[in-house]
Amino acid sequence: MDTSAIIFYAISAFTLAMGLMAVTSSKIFRSAIWLLLSLVGIAALYFWMQVEFIAAIQIIVYVGGIVVLIIFSIFLTQQAGTKMPKPSLKRMIASALAALFGLFFSFNLINHYGFSNTGSPHFSVSVNDVGTQMLSTTEHGYILPFEVVSMLLLSAMVGCIVIAIKPPEEQPKKDKAELENEHIDIPETVQEYVDATISEPLITTEV
Amino acid sequence: MYSLHAITDSIQNWLSVRFSPLWVLIIESLIVIVLAIALFAVLGLVLVWLERKVAAHMQIRLGPNRLGPAGIFQTSADTLKLILKEGLTPDGADKLLFNFAPFIVMIVAMLALAPIAFANGFQIWDVNIGVLYVSAVSSLSVIGILIAGWASNNKYSLLGAMRSGAQIVSYELSAGLSILTIVVLTGSLQISDIVHAQQNGWWLFKGHIPVIIAFVIFLIAATAETNRAPFDLAEAESELTAGFHTEYSGMKFALFFLAEYINIFIVCAIGATLFLGGWMPFHIGDWTQFNHVMDYIPSSIWFFGKTFFLIFLIMWFRWTFPRLRVDQLLTLEWKYLLPISLFNLLLVTVIAIMNWHF
Amino acid sequence: MSTVPLTHILFVSTALFFTGMYGLFTRRNMITILMSVELILNSVNINFVAFNKYLYPQKMEGIFFTIFIITIAAAEAAVAIAIVINLYRTHKSIDVDDATEMKW
Amino acid sequence: MDVTENIEVAQTKQQEAFPGRIIPTHGGGIIASTIQDVINWARSNSLWPLTFATSCCGIEMMSVASSKYDFSRFGFEVARASPRQADVIIVAGTIVQKMAPVLKRLYDQMADPKYVIAMGACAISGGPFFYNTYSVIKGADHVIPVDVYIPGCPPRPEALLHALITLQGKIKSGMTREQIKANPIQL
Amino acid sequence: MTNEAIKEFVSNALPSATFDESGEFFTIQIEAVQWRPLARLLHSAPYNFDYLFCLTCVDWKTHFTNVYHLTSTDHRRAIVVKAKVDRNDPLIETVSDIWKTAEFHEREVFDLFGVRFKNHPDLRRLILTDDFEGYPLRKDFEDAVNMIKL
Amino acid sequence: MGPFSLIVLTIAAVAFSAGGIMAGKLFTKGSKNAHKGQPYECGIPTQTSPWHQFNVGYYLFALLFLIFDVEMVFMYPWAVVVKKMGMTALFEIIIFIFILFMGFLYAHKKGALKWM
Amino acid sequence: MFIKEYITEIAKATKSLWTGMRLTGHYFIRLKTVITEQYPDNRDTLKMAERFRGEVTMPHDENNQHACTGCTACELACPNATIKVITKFELTPENKKKKALDTFVYHLDMCTLCGLCVDACPTGAIQMGQNFEHSVYDRSTLTKKLNKPGSKIREGVE
Amino acid sequence: MYTETQIISNSNDELVVNVGPQHPATHGVLHLVITLQGETIKKVEPHLGYIHRSIEKMCESLTYRQFIYASSRMDYLSAHINNHACALAVEKGMQIEVPQRAQYIRVIMDELTRIASHELWWGAMAMDLGAFTPFFYAFREREKITDIMEETCGARLTMNYMVPGGVMTDIHPDFQKKVKEFIELFKSKIDEYDELVTGNIIFQNRTKGVGYLSKADAISYGCTGAVARGSGVSCDIRKLYPYDIYDKVVFDEILETEGDSFARYMVRMREMRESVKIIEQLIDNIPEGEHQAKTKAVLKLPKGDFYTRVETARGELGVYIVSEGATTPYRIKFRSPGFSNLSALDQMARGGKIGDLMATMGTLDLVIPDIDR
Ligand code: SF4
Ligand code: SF4
Ligand code: SF4
């Protein structure tokens with residue numbers, strides 16, 4: 001165990017703990033914050049793996065974008081302070097068991113596959129290479145996905161706008177000149193009018 | 001040109017001769033911690049003092065002058081007082097997150113310091129994705145504000161936090177795009193590469209008008225991202241009393257206050273690095289004599305000089321302009337800055353490819 | 001860097017995956033479900049990067065897949081949130097059960 | 001020494017001497033921690049006022065902020081709108097019955113240590129609205145404990161500066177409100 | 001537009017009104033119940049008293065008078081209407097729909113004198129606290145604690 | 001120092017903040033009273049909870065931001081190599097930006113960039 | 001055209017912003033324009049306007065004599081009873097009882113410095129003083145006795 | 001203890017926020033209860049009385065000489081003009097002829113006060129919109145005026161200079177010189193104001209089209225002063241019902257017709273220039289003579305009611321005195337300009353943003369003690 005390993009385990013523990021809290025916390029805002037920290041933890045993991053570029057993207061897109069969006073939508077749709085209803089115990093146990101089982105199963109699979117345990121010490125990703133490969137039109141280039149991404153983003157944007165934009169509210173037209181236009185009918189003689197009003201019971205405002 | 005490499009390397013050598021690698025790491029970490037904290041404290045004190053003086057002189061008054069010469073101890077007194085003030089946590093607040101928010105803000109401010117080249121050869125981590133790293137980290141700062149605003153259980157705080165969320169998030173785009181112009185010109189994200197690319201002239205001068213436009217956009221976006229007037233909607237005093245930190249007091253408030261200034265420093269440092277050549281001295285073409293004289297000024301002075309010049313600009317904005325309204329703020333970004341900077345980026349690309357710059 | 005075996009990284013990602021699964025099972029609230037989905041996607045990303053790093057250090061396919069997954073996740077999140085907001089506007093609730101019942 | 005009790009005693013005494021409704025304060029007095037000169041130096045030189053002005057005296061308070069008098073020389077210019085961050089509340093103007101709970105609330109919500117300056121005749125005693133008014137509180141010290149009184153209607157800006165210096169003197173001396181009333185110090 | 005004309009106009013509709021021309025303004029004195037019809041009358045053509053610039057009340061110990069100062073922005077002429085209000089059961093109809101400014105002024109009068117305005121949209125205390133007892137501008141108002149007589 | 005500096009800087013930030021807050025706690029005792037813990041709202045007791053649904057037009061901006069943010073992410077690697085790759089890269093990005101700009105114009109036309 | 005409008009708009013906005021910045025910059029670099037008076041330091045040179053009303057004073061001459069007859073005109077003139085004139089009866093040399101001032105109580109904490117009392121005083125016994133530094137820690141010290149102990153009415157003042 | 005009725009919204013997405021009584025933008029202790037939907041204002045409900053000092057009740061027990069000083073505490077920024085109104089009311093009742101010199105001095109003082117008040121408004125409004133520096137520039141000139149005032153009247157803010165029958169003391173010998181100096185200075189500085197604020201694009205965007213008040217509404221709400229004139233309602237008392245020597249001086253009534261915040265802003269800015277014009281016409285021509293008419297020591301108004309009005313910096317101030325023939329008024333009502341102007345706030349602010357509310361309130365130029373009295 002060297003420093004690097006310790007750091008890895010610390011980050012992993014942090015990430016997992018935060019992820020767990022994110023799915024179990026009963027306050028939705030907190031849940032979002034734990035998710036955020038978990039994502040930051042994953043970014044730290046990328047840093048640890050020396051893929052700084054991915055780490056930065058992770059932070060920019062996930063933390064700076066998606067989580068902020070989630071937080072906004074929480075403000076918009078939730079009583080953010082109130083507790084969410086707890087799922088039924090049965091369901092919780094069942095889900096936990098299912099998840100644990102899945103975990104155990106997959107991990108068993110991984111263990112049995114027997115990956116080679118040594119990574120290359122010289123693994124590093126330079127943005128330059130990423131860019132070159134992404135834009136190159138050769139066989140290993142990613143230019144097509146790159147352009148498709150723009151289409152994807154375009155359609156996502158259009159979709160968002162179509163779905164989320166509020167239909168223009170029908171505002172009751174404010175009639176500024178209402179008072180002026182109001183037809184004031186003056187009774188034949190004012191006295192008559194006065195008598196008419198007097199005969200009704202006087203409604204008085206509660207003091 | 002002076003380089004601090006010699007000094008840092010000799011410290012490294014001296015340490016590694018004497019101690020085991022783990023200890024070297026620990027000692028170095030300690031040095032960095034002490035330096036970073038000292039930098040924070042000093043920057044906070046100096047920047048706040050500077051702001052007060054700048055404000056005062058623009059407002060034809062004197063500003064702090066009773067504690068120490070020209071009042072330089074004024075901010076020390078303020079800091080000490082803030083530390084010694086009671087740190088309240090409102091009953092209704094989400095106590096955990098409420099106390100957590102200042103830490104986030106501080107950590108973000110601190111992390112963003114890592115790739116900044118303070119002087120020739122003096123950089124904590126010359127990360128290979130330099131500017132991308134900085135924009136990534138600074139996009140985290142909105143989280144601290146959102147948490148602070150929400151956890152306070154106060155309407156003003158929440159309103160302020162929402163505003164600043166939308167604002168920071170939006171202005172990140174044009175800040176990023178104007179950073180990209182320099183990346184296009186340099187062909188690297190690494191801060192040291194960017195600085196070295198400006199050896200024979202700063203990008204601001206080399207890059208024609210598009211770079212100047214990018215610089216202006218960067219300044220505006222930087223002002224907005226640090227929640228400074230005229231974009232200080234998050235703490236708009238006349239609207240939301242104190243905005244997202246309404247409920248914070250004592251040291252916790254001081255941390256927000258400090259982080260604001262540190263963030264200013266960071267964005268200005270990035271601006272100085274990208275557009276004004278970082279620690280590179282001012283050189284003019286082939287006036288060797290002149291260039292030599294300039295080289296004698298230590299690189300850290302160049303760096304801090306440029307940074308402080310940008311900081312002064314941002315302060316100048318603050319003390320001149322009225323505040324924008326929240327919808328105008330977003331209109332400015334989405335209708336003006338973003339299209340312009342996209343277009344500008346393409347222009348710069350053409351310039352870069354055609355090698356039209358100097 | 002190499003003292004941590006690949007399986008440990010895979011374990012972390014698997015655990016994260018099933019944490020997300022657990023959230024998916026237990027939560028009834030659209031936004032929290034979305035959060036769980038994000039966790040799941042992230043665990044996949046970790047795998048991609050780890051495989052790339054450990055098994056094919058000279059290639060960058062894993063990196064690219066991660067980038068594209070993040071992109072798609074962002075687009076998905078954006079659309080999902082838009083739907084959530086729309087749903088909320090029409091139903092004043094973002095509970096999944098409510099949404100299915102009402103058949104909009 | 002129980003500060004709260006002291007204030008109550010002081011208030012009952014006041015009531016005997018002075019007419020008008022008194023709203024009891026709980027809490028109140030500053031809790032002087034370790035009496036160290038440095039702390040007091042910092043506190044006395046960094047008094048951030050709450051932006052709180054009810055009436056005419058508030059204009060003179062603004063004058064003090066203005067370039068001619070410029071209380072930023074003392075480092076007071078960081079006027080905070082939120083009581084959590086303010087140190088001193090300058091009661092500039094009349095306090096009326098409806099305002100009293102608000103004032104008290106603001107005072108209560110301030111973080112310790114906190115100080116109060118009563119500026120102008122109104123804040124000291126009801127001033128020009130002393131007689132025959134049903135709504136004016138006869139002095140801010142009926143509501144919250146006051147450290148420094150500065151008479152005048154309104155006091156000149158210089159007078160307010162003098163009051164601030166007086167308050168600094170008090171903080172530097174490290175004495176509590178009651179002690180300093182009992183044995184006034186010379187500035 | 002002369003005093004005479006107004007006088008004739010008003011007394012046509014409201015024979016019981018009395019007039020007073022001694023003061024600065026031409027004054028119409030009426031009973032409380034007559035006020036609202038008169039107000040509508042005055043506000044509409046031909047005189048268009050569209051500008052209520054002062055509304056107050058005076059406590060005469062035996063009765064109140066509500067004093068309305070009106071101006072016509074077309075004719076630049078001011079008149080005063082004084083409506084007598086019963087002191088024991090002070091009640092008068094609101095004119096806040098005719099002159100919007102009256103809404104606040106009436107609330108103020110209600111607050112300080114206790115005159116109730118029938119059909120006022122939002123008759124609450126405006127200035128004093130809700131739990132304030134009594135109506136301070138009445139002549140018999142006493143507040144033993146706070147009021148110190150000279 | 002490499003990525004390790006991140007941890008070091010985090011520690012520094014935490015130490016700094018915690019140190020300050022602890023020092024304050026050590027030297028200052030606050031007084032308690034009934035109003036202190038209540039939210040500040042200009043001196044008036046708060047009636048409704050701020051943790052309330054909150055209808056703002058901000059989220060649309062966040063949505064759009066997310067899209068453009070991802071776009072930016074793709075532009076970083078592009079920007080690094082564009083000088084080297086020359087015109088091809090330029091055309092590629094022009095198509096990329098153009099497609100997105102269409103979306104932007106659409107948003108503008110739909111009024112999504114207007115405040116709601 | 002749309003683009004042209006767009007650009008002129010931006011140009012105009014930039015110009016207006018620059019105008020403002022130029023003004024503040026102008027003052028920033030001209031330290032002469034600073035108009036701050038440094039109050040506690042300039043105390044010696046600080047001169048109040050001669051009509052400045054800082055407090056009510058009762059000037060005494062060198063024989064410790066004042067001009068107040070105790071007529072209470074000032075007390076009546078004062079709008080909020082800041083002054084309380086307590087009189088006593090003195091025997092004049094002719095053995096007649098004469099009203100004279102005993103204590104002239106002046107509540108500085110209530111005084112609105114309006115000057116009505118000075119206006120009303122028939123003998124000019126009270127004047128508005130120039131002192132304004134009245135800050136105190138204790139309100140009770142603001143209640144003052146204006147006539148000095150042992151002071152007498154000046155000869156010849158009626 | 002706190003029993004103010006509060007409206008709690010039932011709807012889900014509405015937020016009720018209290019602004020004030022202690023709030024930097026309410027210029028004192030106005031309390032607004034704002035119903036927000038998002039950031040859009042649905043409703044603004046002013047709550048008054050946080051500085052209700054019962055001046056009207058108090059004046060019932062003050063003599064006619066004494067009550068004037070209380071009025072300068074009402075709208076303290078127009079203290080002189082308030083005093084002027086009260087003095088005019090007493091003079092009207094007693095039929096006192098005021099000497100020419102006193103009339104000139106009064107009008108000059110009024111106009112100086114108006115400038116001072118508008119300056120403060122200008123600074124404070126810019127502050128509301130987030131610009132701090134204008135405040136300091138405004139106070140620089142304002143201090144000059146207060147110095148002049150102090151020299152002649154003896155106080156800086158609450159001068160208590162006007163008495164029934166004239167002014168309390170004659171002007172200071174330096175008065176004319178200083179006023180002329182000030183006028184010269186001010187003329188150059190007011191252009192700076194335009195540079196710094198009026199022309200600023202942000203400022204214009206913040207105020208144009210914000211807080212619209214139609215002409216009909218302005219009349220119906222009884223607005224006066226710059227608020228009404230910004231909507232095109234001619235209501236300058238100095239023109240319509242001239243008092244003292246206002247009928248002898250030449251000046252324009254400023255009218256703007258847009259009815260938005262910027263129009264109100266422009267009205268005040270141009271009014272300052274008009275005031276300068278008035279002072280310029282008068283300052284050299286102050287006639288010699290008495291500064292105060294001979295009056296009885298004890299003033300008694302005849303039975304009857306008297307209404308006088310003046311144009312303060314905020315609009316029409318009416319003083320309505322009901323006298324029973326005693327030494328004290330039987331009932332006094334101050335018709336304050338701010339009260340009516342404030343009632344129109346809800347109308348103006350609806351549909352705007354919080355920032356718009358601040359801009360609108362800034363242009364209303366509220367002085368709360370004047371509203372609460
Ligand atoms: S003391 Fe005088 S100036 Fe101050 S608030 Fe009271 S009345 Fe106004
Ligand atoms: S001071 Fe003047 S007015 Fe007052 S009691 Fe003495 S002599 Fe009379
Ligand atoms: S100055 Fe005015 S308030 Fe003061 S004592 Fe004289 S009359 Fe009374």
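Keep in mind that the numbers below use all heavy atoms, side chains included, and drop hydrogens, waters and symmetry copies. Sequence lines set the chain letters: A, B, ... in the order given, protein chains first and strands last, and positions in each chain run from 1. Please read these numbers as outputs of a predicted model, since none were measured by experiment.
- With 3.5 Å as the limit, one finds no donor-acceptor pair spanning the side chains of D:S66 and H:R142.
- Interatomic distance, D:C56 SG to H:L157 CG, rounded to the nearest 0.5 Å: 6.5 Å.
- The shortest distance between side-chain heavy atoms of H:H31 and D:V102 does not fall below 4.5 Å.
- For H:F135, the part lying under 4.5 angstrom from a heavy atom of chain D is the side chain only.
- Residue contact with chain D, scored on non-hydrogen atoms closer than 4.5 Å, is absent for H:Y137.
- We find that H:D147 and D:K68 are joined by a salt bridge, their nearest charged nitrogen and carboxylate oxygen being less than 4.0 Å apart.
- Highest contact tally toward chain H, considering only D:A53, D:G58, D:S63, is held by D:S63 [criterion: heavy-atom pairs under 4.5 Å].
- When each of H:M58, H:H52, H:R53 is paired with D:Y134, the side-chain contact (heavy atoms from CB on, under 4.5 Å) condition holds for H:H52 and for no other.
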For the pair H:R156 and D:I59, evaluate side-chain contact (heavy atoms from CB on, under 4.5 Å) and give the outcome as yes or no after the intermediate values.
CA-CA 10 Å; H:R156 288 161 47 89; D:I59 300 297; over 6 Å; no

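- Here the CE atom belonging to D:M99 is positioned 8.0 Å from the OH atom belonging to H:Y50, to the nearest 0.5 angstrom.
- The OG1 atom of H:T158 sits 8.0 Å away from the CD atom of D:E60 when rounded to the nearest 0.5 Å.
- The contact between H:L77 and chain D is made entirely by side chain atoms (from C-beta outward), counting heavy-atom distances below 4.5 Å.
- Among H:I51, H:V29, H:I368, the one residue that satisfies the side-chain contact (heavy atoms from CB on, under 4.5 Å) test with D:S55 is H:I51.
- With rounding to the nearest 0.5 angstrom, the SG atom of D:C153 is 12.5 Å from the OH atom of H:Y76.
- Side-chain atoms of H:R140 and D:S67 include no donor-acceptor pair closer than 3.5 Å.
- No part of H:E56 comes within reach of chain D, as not one of its non-hydrogen atoms sits under 4.5 angstrom from that chain.
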